[in-house]
Number of protein chains: 2
Amino acid sequence: MNDSGTNSDTRAGLIEAGLELFGHKGFDGTSTRELAARAGTNVASISYHFGSKAGLREACALAVTDRMSRALDGALATPDTEEAALGLIEKLVRALVDLIVGSPEAANMVAFMLREITEPGDVAEMVYRSFVEPRHKALCGLWAMATGRSPDDAEVKLAVFALVGQVLYFRIASPFVIRRLSWGEIGQDETRQIADLVIDNLRNSMERQKK
Amino acid sequence: MNDSGTNSDTRAGLIEAGLELFGHKGFDGTSTRELAARAGTNVASISYHFGSKAGLREACALAVTDRMSRALDGALATPDTEEAALGLIEKLVRALVDLIVGSPEAANMVAFMLREITEPGDVAEMVYRSFVEPRHKALCGLWAMATGRSPDDAEVKLAVFALVGQVLYFRIASPFVIRRLSWGEIGQDETRQIADLVIDNLRNSMERQKK
DNA sequence: GTCTATAAACAGATAGAC
DNA sequence: GTCTATCTGTTTATAGAC
(Lines give C-alpha, C1' and ligand atoms only; values in the text may rest on other atoms or scores of the structure.)
Protein backbone atom coordinates (compact mmCIF):
# COMPACT_ATOMS: atom_id res chain seq x y z
CA MET A 1 0.00 0.00 0.00
CA ASN A 2 2.96 2.30 0.57
CA ASP A 3 6.73 2.57 0.26
CA SER A 4 7.62 0.40 3.21
CA GLY A 5 4.87 -2.13 2.99
CA THR A 6 3.33 -1.10 6.30
CA ASN A 7 -0.38 -1.06 6.87
CA SER A 8 -1.64 0.54 10.05
CA ASP A 9 -4.41 2.94 10.90
CA THR A 10 -1.86 5.35 12.29
CA ARG A 11 -1.18 5.90 8.63
CA ALA A 12 -4.82 6.65 7.87
CA GLY A 13 -5.04 8.96 10.88
CA LEU A 14 -2.07 10.95 9.67
CA ILE A 15 -3.64 11.36 6.24
CA GLU A 16 -6.85 12.68 7.79
CA ALA A 17 -4.82 15.06 9.95
CA GLY A 18 -2.92 16.16 6.85
CA LEU A 19 -6.10 16.85 4.88
CA GLU A 20 -7.50 18.92 7.73
CA LEU A 21 -4.41 20.84 8.77
CA PHE A 22 -2.75 21.28 5.36
CA GLY A 23 -6.09 22.33 3.95
CA HIS A 24 -6.86 24.74 6.75
CA LYS A 25 -3.45 26.21 7.56
CA GLY A 26 -1.36 25.34 4.55
CA PHE A 27 1.62 23.01 4.23
CA ASP A 28 4.17 25.47 5.59
CA GLY A 29 1.80 26.64 8.27
CA THR A 30 1.43 23.17 9.72
CA SER A 31 4.13 21.58 11.88
CA THR A 32 4.84 17.88 12.14
CA ARG A 33 4.06 18.12 15.85
CA GLU A 34 0.56 19.42 15.15
CA LEU A 35 0.00 16.65 12.63
CA ALA A 36 1.13 13.98 15.04
CA ALA A 37 -0.94 15.41 17.89
CA ARG A 38 -4.05 15.61 15.71
CA ALA A 39 -3.57 12.00 14.64
CA GLY A 40 -2.89 10.89 18.19
CA THR A 41 0.62 9.71 17.51
CA ASN A 42 4.22 10.98 17.58
CA VAL A 43 6.33 12.98 15.16
CA ALA A 44 8.59 10.08 14.26
CA SER A 45 5.67 8.15 12.79
CA ILE A 46 5.44 10.64 9.94
CA SER A 47 8.93 9.82 8.76
CA TYR A 48 8.30 6.15 9.40
CA HIS A 49 5.13 5.95 7.32
CA PHE A 50 5.71 8.59 4.66
CA GLY A 51 9.44 9.28 4.66
CA SER A 52 8.95 12.96 5.41
CA LYS A 53 6.40 15.71 5.84
CA ALA A 54 6.42 16.16 2.06
CA GLY A 55 5.69 12.45 1.68
CA LEU A 56 2.58 12.85 3.82
CA ARG A 57 1.52 15.71 1.58
CA GLU A 58 1.73 13.49 -1.49
CA ALA A 59 -0.19 10.72 0.25
CA CYS A 60 -2.90 13.24 1.12
CA ALA A 61 -3.10 14.42 -2.47
CA LEU A 62 -3.46 10.84 -3.66
CA ALA A 63 -6.23 10.19 -1.14
CA VAL A 64 -8.08 13.30 -2.29
CA THR A 65 -7.92 12.58 -6.01
CA ASP A 66 -9.07 9.01 -5.33
CA ARG A 67 -12.07 10.03 -3.26
CA MET A 68 -13.15 12.93 -5.44
CA SER A 69 -12.89 10.80 -8.53
CA ARG A 70 -15.15 8.21 -6.93
CA ALA A 71 -17.62 10.88 -5.79
CA LEU A 72 -17.90 12.37 -9.28
CA ASP A 73 -17.47 9.42 -11.62
CA GLY A 74 -20.65 7.88 -10.27
CA ALA A 75 -22.44 10.53 -12.35
CA LEU A 76 -20.43 9.70 -15.48
CA ALA A 77 -21.66 7.63 -18.40
CA THR A 78 -21.65 7.70 -22.22
CA PRO A 79 -24.93 9.15 -23.50
CA ASP A 80 -26.40 8.60 -26.96
CA THR A 81 -28.41 11.75 -27.61
CA GLU A 82 -27.98 15.49 -27.20
CA GLU A 83 -30.64 15.53 -24.52
CA ALA A 84 -28.99 12.69 -22.61
CA ALA A 85 -25.65 14.52 -22.73
CA LEU A 86 -27.21 17.70 -21.38
CA GLY A 87 -28.97 15.76 -18.65
CA LEU A 88 -25.73 14.08 -17.68
CA ILE A 89 -23.84 17.36 -17.45
CA GLU A 90 -26.54 18.79 -15.25
CA LYS A 91 -26.38 15.73 -13.01
CA LEU A 92 -22.60 16.10 -12.87
CA VAL A 93 -22.82 19.78 -11.99
CA ARG A 94 -25.24 19.04 -9.16
CA ALA A 95 -22.84 16.38 -7.86
CA LEU A 96 -19.98 18.88 -8.15
CA VAL A 97 -21.83 21.64 -6.31
CA ASP A 98 -22.93 19.21 -3.58
CA LEU A 99 -19.37 18.01 -3.16
CA ILE A 100 -17.50 21.29 -3.40
CA VAL A 101 -19.92 23.76 -1.87
CA GLY A 102 -22.37 21.79 0.18
CA SER A 103 -20.57 18.87 1.76
CA PRO A 104 -19.14 19.52 5.23
CA GLU A 105 -17.55 16.05 5.15
CA ALA A 106 -15.67 16.93 1.97
CA ALA A 107 -14.64 20.36 3.25
CA ASN A 108 -11.16 19.25 4.28
CA MET A 109 -10.56 17.52 0.96
CA VAL A 110 -11.73 20.48 -1.05
CA ALA A 111 -9.66 22.93 1.00
CA PHE A 112 -6.60 20.73 0.59
CA MET A 113 -6.99 20.39 -3.15
CA LEU A 114 -7.72 24.08 -3.61
CA ARG A 115 -4.46 24.95 -1.91
CA GLU A 116 -2.49 22.50 -4.00
CA ILE A 117 -4.03 23.87 -7.18
CA THR A 118 -3.26 27.43 -6.13
CA GLU A 119 0.43 26.85 -5.57
CA PRO A 120 2.28 25.26 -8.48
CA GLY A 121 4.44 22.30 -7.55
CA ASP A 122 4.89 18.56 -7.92
CA VAL A 123 1.61 17.84 -6.17
CA ALA A 124 -0.34 20.24 -8.40
CA GLU A 125 1.22 18.52 -11.41
CA MET A 126 0.01 15.15 -10.18
CA VAL A 127 -3.46 16.55 -9.44
CA TYR A 128 -3.65 17.97 -12.94
CA ARG A 129 -2.59 14.81 -14.74
CA SER A 130 -4.58 12.29 -12.75
CA PHE A 131 -7.66 14.33 -11.87
CA VAL A 132 -8.22 17.69 -13.56
CA GLU A 133 -7.30 16.82 -17.13
CA PRO A 134 -9.26 13.56 -17.52
CA ARG A 135 -12.39 15.07 -15.94
CA HIS A 136 -12.11 18.25 -17.95
CA LYS A 137 -11.82 16.14 -21.07
CA ALA A 138 -14.86 14.09 -20.09
CA LEU A 139 -16.89 17.25 -19.52
CA CYS A 140 -15.75 18.68 -22.84
CA GLY A 141 -16.86 15.44 -24.50
CA LEU A 142 -20.33 15.73 -22.98
CA TRP A 143 -20.50 19.43 -23.81
CA ALA A 144 -19.51 18.72 -27.41
CA MET A 145 -22.17 16.06 -27.72
CA ALA A 146 -24.83 18.38 -26.29
CA THR A 147 -23.91 21.30 -28.55
CA GLY A 148 -22.77 19.54 -31.72
CA ARG A 149 -19.34 21.11 -31.49
CA SER A 150 -15.89 19.53 -31.41
CA PRO A 151 -14.55 18.55 -27.96
CA ASP A 152 -11.28 20.21 -29.00
CA ASP A 153 -12.97 23.54 -29.74
CA ALA A 154 -11.30 26.29 -27.68
CA GLU A 155 -14.68 27.81 -26.84
CA VAL A 156 -15.88 24.48 -25.48
CA LYS A 157 -12.80 24.05 -23.31
CA LEU A 158 -13.05 27.60 -21.98
CA ALA A 159 -16.76 27.29 -21.28
CA VAL A 160 -16.12 24.15 -19.23
CA PHE A 161 -13.40 25.93 -17.26
CA ALA A 162 -15.80 28.82 -16.62
CA LEU A 163 -18.43 26.36 -15.47
CA VAL A 164 -16.17 24.67 -12.94
CA GLY A 165 -14.75 28.04 -11.95
CA GLN A 166 -18.12 29.33 -10.83
CA VAL A 167 -18.58 26.34 -8.57
CA LEU A 168 -15.11 26.51 -7.06
CA TYR A 169 -15.42 30.22 -6.45
CA PHE A 170 -18.52 29.72 -4.35
CA ARG A 171 -16.35 27.57 -2.10
CA ILE A 172 -13.38 29.96 -2.10
CA ALA A 173 -15.49 33.00 -1.41
CA SER A 174 -18.03 31.23 0.79
CA PRO A 175 -17.36 33.49 3.81
CA PHE A 176 -18.06 36.48 1.57
CA VAL A 177 -21.13 34.88 0.01
CA ILE A 178 -22.55 34.04 3.44
CA ARG A 179 -22.14 37.62 4.61
CA ARG A 180 -23.39 39.34 1.47
CA LEU A 181 -26.51 37.20 1.34
CA SER A 182 -27.06 37.12 5.11
CA TRP A 183 -26.98 33.36 5.02
CA GLY A 184 -26.24 31.66 8.31
CA GLU A 185 -24.48 28.83 6.54
CA ILE A 186 -24.47 27.10 3.17
CA GLY A 187 -26.89 24.25 3.77
CA GLN A 188 -29.09 22.18 1.48
CA ASP A 189 -31.29 25.05 0.40
CA GLU A 190 -28.39 27.40 -0.34
CA THR A 191 -26.53 24.67 -2.20
CA ARG A 192 -29.57 24.16 -4.40
CA GLN A 193 -29.82 27.87 -5.17
CA ILE A 194 -26.19 27.89 -6.27
CA ALA A 195 -26.61 24.77 -8.36
CA ASP A 196 -29.72 26.24 -10.02
CA LEU A 197 -27.83 29.38 -10.95
CA VAL A 198 -24.84 27.49 -12.34
CA ILE A 199 -27.11 25.20 -14.36
CA ASP A 200 -29.05 28.16 -15.77
CA ASN A 201 -25.75 29.71 -16.85
CA LEU A 202 -24.72 26.39 -18.31
CA ARG A 203 -27.87 26.06 -20.43
CA ASN A 204 -27.56 29.60 -21.73
CA SER A 205 -23.92 29.07 -22.55
CA MET A 206 -24.71 25.90 -24.49
CA GLU A 207 -27.62 27.45 -26.35
CA ARG A 208 -25.36 30.22 -27.52
CA GLN A 209 -22.69 27.79 -28.71
CA LYS A 210 -25.24 25.78 -30.66
CA LYS A 211 -26.01 28.75 -32.90
CA MET B 1 2.27 57.30 6.45
CA ASN B 2 2.91 54.57 9.02
CA ASP B 3 3.09 53.89 12.76
CA SER B 4 6.45 55.47 13.39
CA GLY B 5 6.27 58.35 10.98
CA THR B 6 9.08 57.02 8.79
CA ASN B 7 9.10 57.44 5.06
CA SER B 8 11.80 55.61 3.16
CA ASP B 9 11.89 53.54 0.01
CA THR B 10 13.20 50.60 1.99
CA ARG B 11 9.61 50.49 3.17
CA ALA B 12 8.29 50.39 -0.40
CA GLY B 13 10.83 47.74 -1.34
CA LEU B 14 9.72 45.51 1.51
CA ILE B 15 6.10 45.83 0.44
CA GLU B 16 6.99 44.79 -3.10
CA ALA B 17 9.00 41.86 -1.72
CA GLY B 18 6.03 40.94 0.46
CA LEU B 19 3.58 41.00 -2.44
CA GLU B 20 5.86 38.79 -4.50
CA LEU B 21 6.97 36.31 -1.86
CA PHE B 22 3.77 36.11 0.22
CA GLY B 23 1.79 35.77 -3.00
CA HIS B 24 4.06 33.13 -4.46
CA LYS B 25 5.06 31.08 -1.42
CA GLY B 26 2.51 32.04 1.19
CA PHE B 27 2.95 33.93 4.45
CA ASP B 28 4.19 30.95 6.44
CA GLY B 29 6.35 29.79 3.55
CA THR B 30 8.27 33.05 3.44
CA SER B 31 10.96 33.90 5.98
CA THR B 32 11.90 37.38 7.12
CA ARG B 33 15.39 36.73 5.79
CA GLU B 34 14.06 36.05 2.30
CA LEU B 35 11.96 39.20 2.44
CA ALA B 36 14.91 41.32 3.50
CA ALA B 37 17.20 39.81 0.87
CA ARG B 38 14.62 40.37 -1.90
CA ALA B 39 14.23 43.99 -0.83
CA GLY B 40 17.98 44.48 -0.56
CA THR B 41 17.93 45.23 3.13
CA ASN B 42 18.24 43.46 6.49
CA VAL B 43 15.84 41.55 8.71
CA ALA B 44 15.73 44.20 11.40
CA SER B 45 14.22 46.71 8.97
CA ILE B 46 10.99 44.69 8.89
CA SER B 47 10.43 45.18 12.58
CA TYR B 48 11.54 48.77 12.31
CA HIS B 49 9.14 49.71 9.54
CA PHE B 50 6.19 47.42 10.19
CA GLY B 51 6.54 46.20 13.76
CA SER B 52 6.63 42.57 12.73
CA LYS B 53 6.30 40.17 9.83
CA ALA B 54 2.53 40.25 10.35
CA GLY B 55 2.65 44.04 10.14
CA LEU B 56 4.29 43.80 6.73
CA ARG B 57 1.51 41.47 5.66
CA GLU B 58 -1.12 44.06 6.60
CA ALA B 59 0.77 46.80 4.80
CA CYS B 60 0.88 44.61 1.70
CA ALA B 61 -2.86 43.99 1.89
CA LEU B 62 -3.49 47.71 2.17
CA ALA B 63 -1.28 48.41 -0.84
CA VAL B 64 -3.15 45.80 -2.88
CA THR B 65 -6.64 47.01 -2.06
CA ASP B 66 -5.55 50.58 -2.82
CA ARG B 67 -4.08 49.75 -6.21
CA MET B 68 -6.82 47.37 -7.30
CA SER B 69 -9.48 49.86 -6.30
CA ARG B 70 -7.79 52.52 -8.41
CA ALA B 71 -7.43 50.12 -11.35
CA LEU B 72 -11.12 49.21 -11.28
CA ASP B 73 -12.87 52.33 -10.10
CA GLY B 74 -11.76 54.14 -13.24
CA ALA B 75 -14.45 52.11 -14.99
CA LEU B 76 -17.10 53.04 -12.45
CA ALA B 77 -19.81 55.65 -12.94
CA THR B 78 -23.55 56.10 -12.34
CA PRO B 79 -25.46 55.36 -15.55
CA ASP B 80 -28.96 56.60 -16.40
CA THR B 81 -30.35 53.92 -18.68
CA GLU B 82 -30.47 50.14 -18.84
CA GLU B 83 -28.20 50.15 -21.86
CA ALA B 84 -25.68 52.40 -20.15
CA ALA B 85 -25.65 50.11 -17.11
CA LEU B 86 -25.02 47.05 -19.26
CA GLY B 87 -22.26 48.85 -21.15
CA LEU B 88 -20.64 49.86 -17.89
CA ILE B 89 -20.69 46.33 -16.51
CA GLU B 90 -19.09 45.04 -19.69
CA LYS B 91 -16.42 47.70 -19.45
CA LEU B 92 -15.83 46.76 -15.83
CA VAL B 93 -15.58 43.06 -16.66
CA ARG B 94 -13.00 43.78 -19.36
CA ALA B 95 -11.01 45.83 -16.85
CA LEU B 96 -11.31 42.99 -14.35
CA VAL B 97 -10.16 40.33 -16.80
CA ASP B 98 -7.27 42.51 -17.97
CA LEU B 99 -6.20 43.07 -14.39
CA ILE B 100 -6.70 39.61 -12.96
CA VAL B 101 -5.91 37.35 -15.88
CA GLY B 102 -3.90 39.39 -18.33
CA SER B 103 -1.67 41.72 -16.40
CA PRO B 104 1.81 40.36 -15.61
CA GLU B 105 2.50 43.51 -13.57
CA ALA B 106 -0.52 42.80 -11.39
CA ALA B 107 0.34 39.10 -11.03
CA ASN B 108 1.96 39.51 -7.61
CA MET B 109 -0.94 41.59 -6.32
CA VAL B 110 -3.53 39.13 -7.54
CA ALA B 111 -1.64 36.15 -6.14
CA PHE B 112 -1.31 37.89 -2.78
CA MET B 113 -4.96 38.80 -2.57
CA LEU B 114 -6.09 35.37 -3.69
CA ARG B 115 -4.13 33.79 -0.85
CA GLU B 116 -5.54 36.18 1.69
CA ILE B 117 -9.06 35.51 0.49
CA THR B 118 -8.51 31.76 0.63
CA GLU B 119 -7.36 31.69 4.25
CA PRO B 120 -9.74 33.38 6.68
CA GLY B 121 -8.09 35.84 9.06
CA ASP B 122 -7.80 39.48 10.02
CA VAL B 123 -6.39 40.44 6.64
CA ALA B 124 -9.19 38.67 4.75
CA GLU B 125 -11.67 40.53 6.95
CA MET B 126 -10.10 43.86 6.00
CA VAL B 127 -10.05 42.90 2.32
CA TYR B 128 -13.72 42.01 2.48
CA ARG B 129 -14.86 45.18 4.19
CA SER B 130 -12.78 47.68 2.28
CA PHE B 131 -12.64 46.05 -1.13
CA VAL B 132 -14.89 43.08 -1.86
CA GLU B 133 -18.13 44.26 -0.30
CA PRO B 134 -18.25 47.80 -1.74
CA ARG B 135 -17.36 46.60 -5.23
CA HIS B 136 -19.77 43.71 -5.08
CA LYS B 137 -22.47 46.16 -4.03
CA ALA B 138 -21.58 48.49 -6.89
CA LEU B 139 -21.78 45.63 -9.38
CA CYS B 140 -25.12 44.50 -7.94
CA GLY B 141 -26.37 48.07 -8.36
CA LEU B 142 -25.38 48.12 -12.02
CA TRP B 143 -26.81 44.64 -12.54
CA ALA B 144 -30.07 45.66 -10.93
CA MET B 145 -30.32 48.73 -13.14
CA ALA B 146 -29.64 46.69 -16.26
CA THR B 147 -32.19 44.00 -15.41
CA GLY B 148 -34.85 45.97 -13.58
CA ARG B 149 -34.45 43.87 -10.46
CA SER B 150 -33.65 44.86 -6.89
CA PRO B 151 -29.96 45.14 -5.98
CA ASP B 152 -30.79 43.15 -2.84
CA ASP B 153 -32.25 40.25 -4.82
CA ALA B 154 -30.44 37.04 -3.86
CA GLU B 155 -30.31 35.95 -7.50
CA VAL B 156 -28.62 39.21 -8.45
CA LYS B 157 -26.03 38.86 -5.71
CA LEU B 158 -25.31 35.25 -6.62
CA ALA B 159 -25.05 36.04 -10.33
CA VAL B 160 -22.48 38.73 -9.59
CA PHE B 161 -20.47 36.29 -7.46
CA ALA B 162 -20.61 33.76 -10.29
CA LEU B 163 -19.44 36.42 -12.72
CA VAL B 164 -16.41 37.38 -10.66
CA GLY B 165 -15.77 33.72 -9.87
CA GLN B 166 -15.31 32.85 -13.51
CA VAL B 167 -12.69 35.54 -13.90
CA LEU B 168 -10.78 34.62 -10.75
CA TYR B 169 -10.80 30.97 -11.65
CA PHE B 170 -9.08 31.66 -14.94
CA ARG B 171 -6.24 33.11 -12.87
CA ILE B 172 -6.23 30.32 -10.28
CA ALA B 173 -6.30 27.59 -12.87
CA SER B 174 -4.20 29.41 -15.45
CA PRO B 175 -1.51 26.69 -15.56
CA PHE B 176 -4.27 24.18 -16.30
CA VAL B 177 -5.94 26.43 -18.86
CA ILE B 178 -2.65 27.01 -20.65
CA ARG B 179 -2.01 23.28 -20.92
CA ARG B 180 -5.50 22.22 -21.89
CA LEU B 181 -5.71 24.83 -24.64
CA SER B 182 -2.07 24.46 -25.74
CA TRP B 183 -1.57 28.15 -25.15
CA GLY B 184 2.02 29.26 -24.69
CA GLU B 185 0.94 32.00 -22.32
CA ILE B 186 -2.09 34.13 -21.55
CA GLY B 187 -1.38 37.21 -23.65
CA GLN B 188 -3.58 39.88 -25.16
CA ASP B 189 -5.37 37.56 -27.53
CA GLU B 190 -6.08 34.91 -24.90
CA THR B 191 -7.24 37.55 -22.44
CA ARG B 192 -9.71 38.81 -25.00
CA GLN B 193 -11.07 35.32 -25.63
CA ILE B 194 -11.67 34.87 -21.91
CA ALA B 195 -13.31 38.29 -21.61
CA ASP B 196 -15.55 37.54 -24.59
CA LEU B 197 -16.70 34.30 -23.01
CA VAL B 198 -17.39 35.89 -19.63
CA ILE B 199 -19.30 38.73 -21.24
CA ASP B 200 -21.40 36.34 -23.30
CA ASN B 201 -22.26 34.45 -20.13
CA LEU B 202 -23.05 37.74 -18.45
CA ARG B 203 -25.47 38.84 -21.17
CA ASN B 204 -27.27 35.50 -21.15
CA SER B 205 -27.51 35.57 -17.40
CA MET B 206 -29.02 39.06 -17.45
CA GLU B 207 -31.46 38.26 -20.22
CA ARG B 208 -32.76 35.34 -18.22
CA GLN B 209 -33.19 37.47 -15.09
CA LYS B 210 -35.12 40.10 -17.02
CA LYS B 211 -37.87 37.63 -17.83
C1' DG C 1 5.56 -0.36 14.84
C1' DT C 2 5.75 3.07 18.41
C1' DC C 3 7.86 6.33 21.05
C1' DT C 4 11.39 9.50 23.66
C1' DA C 5 15.22 12.21 23.30
C1' DT C 6 18.09 14.87 20.72
C1' DA C 7 20.57 16.78 16.86
C1' DA C 8 21.16 20.46 13.47
C1' DA C 9 19.07 24.02 11.08
C1' DC C 10 16.03 27.67 10.99
C1' DA C 11 12.44 30.89 12.59
C1' DG C 12 11.09 35.88 14.27
C1' DA C 13 12.45 39.51 17.14
C1' DT C 14 15.67 42.73 19.25
C1' DA C 15 19.85 45.05 21.48
C1' DG C 16 23.04 48.09 20.47
C1' DA C 17 26.83 50.03 17.38
C1' DC C 18 27.02 53.32 13.79
C1' DG D 1 17.44 54.81 9.48
C1' DT D 2 20.45 50.96 8.79
C1' DC D 3 22.78 46.96 9.95
C1' DT D 4 25.33 43.03 12.52
C1' DA D 5 25.20 39.89 16.00
C1' DT D 6 22.64 37.32 18.96
C1' DC D 7 18.81 35.61 21.92
C1' DT D 8 15.11 32.37 22.32
C1' DG D 9 12.09 29.26 20.65
C1' DT D 10 10.63 26.10 17.01
C1' DT D 11 11.35 23.39 12.95
C1' DT D 12 12.20 18.69 10.55
C1' DA D 13 14.49 14.58 10.83
C1' DT D 14 16.60 10.75 13.13
C1' DA D 15 19.01 7.59 16.48
C1' DG D 16 18.07 4.20 19.44
C1' DA D 17 15.24 2.06 23.42
C1' DC D 18 11.29 -0.82 23.77
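Chain letters run A, B, ... following the sequence lines, proteins first and then strands; every chain starts at 1.
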Trainee: Report the distance from atom OH of B:Tyr48 to atom C1' of C:dC18, rounded to the nearest whole Å.
Mentor: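 B:Tyr48 atom OH is separated from C:dC18 atom C1' by 14 Å.
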Trainee: Is there a side-chain polar atom (N or O) of B:Thr32 under 4.0 Å from OP1 or OP2 of C:dG12?
Mentor: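 It does, given that an N or O in the side chain of B:Thr32 lies less than 4.0 Å from OP1 or OP2 of C:dG12.
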Trainee: The test is side chain to side chain donor-acceptor pair (under 3.5 Å); show your working for B:Thr41 and B:Ser45 and say whether it passes.
Mentor: CA-CA 7 Å; B:Thr41 182; B:Ser45 67; 3.3 Å; yes
Trainee: Starting at atom CZ of A:Phe50, determine the distance to atom C1' of C:dT2, rounded to an integer number of angstrom.
Mentor: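 Distance check: A:Phe50 CZ to C:dT2 C1' gives 15 Å.
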Trainee: If we only count heavy atoms from C-beta on, is the A:Met109 to A:Cys60 side-chain gap below 4.5 Å?
Mentor: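 They are not in side-chain contact.
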Trainee: Output the rounded distance in Å from CD (B:Glu34) to P (C:dC10).
Mentor: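 After rounding, the gap between these two atoms is 11 Å.
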Trainee: Consider the side chain of A:His49, meaning its heavy atoms from C-beta on, and name the nucleotide among D:dA13, C:dA13, C:dT2 that approaches it most closely.
Mentor: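 Nucleotide nearest to A:His49's side chain: C:dT2.
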Trainee: Whole Å only: how far is the CG atom of B:Asp28 from the P atom of C:dA11?
Mentor: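 For the pair B:Asp28 CG and C:dA11 P, the rounded distance is 12 Å.
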Trainee: Is the ring centre of A:Tyr169 less than 6.0 Å from the ring centre of B:Tyr169?
Mentor: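 Not under 6.0 Å, so no.
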Trainee: Judged by each residue's nearest nucleotide on DNA chain D, which is more toward the 5′ side, A:Gly51 or B:Ala44?
Mentor: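 Closer to the 5' end of DNA chain D: B:Ala44.
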Trainee: Given atom CD1 of B:Ile46 and atom P of C:dT14, what is their separation to the nearest angstrom?
Mentor: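 It is 13 Å, rounded to the nearest whole Å.
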Trainee: Using only side-chain N and O atoms of B:Ser45, determine if any of them is under 4.0 Å from OP1 or OP2 of D:dC3.
Mentor: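 No, because none of the side-chain N or O atoms of B:Ser45 sits under 4.0 Å from OP1 or OP2 of D:dC3.
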Trainee: With a 4.0 Å cutoff (strictly under), does any side-chain N or O of A:Thr41 reach OP1 or OP2 of C:dT2?
Mentor: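 Indeed not, no polar side-chain atom of A:Thr41 lies that close.
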Trainee: What is the separation between atom CZ on B:Arg11 and atom C1' on D:dG1, rounded to the nearest whole Å?
Mentor: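 So the two atoms are 13 Å apart, to the nearest Å.
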Trainee: May I ask you to test the B:Tyr128-A:Arg180 pair for a side-chain heavy-atom distance under 4.5 Å?
Mentor: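 Yes; the side chains approach each other to less than 4.5 Å.
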Trainee: Measure NZ/A:Lys53 against P/D:dT14 and give the value in whole Å, please.
Mentor: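 Taking atom P of D:dT14 as the reference, NZ of A:Lys53 is at 15 Å.
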Trainee: Would a 4.5 Å heavy-atom cut-off, applied to side chains only, mark B:Phe22 and B:Leu56 as touching?
Mentor: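 Yes, their side chains come closer than 4.5 Å.
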Trainee: Nearest whole Å is fine: how far is C:dA15 C1' from B:Asn42 CG?
Mentor: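 It works out to 13 Å between those atoms.
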Trainee: Just call it for B:Ser31: base, sugar-phosphate, or nothing, with non-hydrogen atoms closer than 4.0 Å on any strand.
Mentor: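 Sugar-phosphate contact only - B:Ser31 comes under 4.0 Å of backbone atoms but never of a base.
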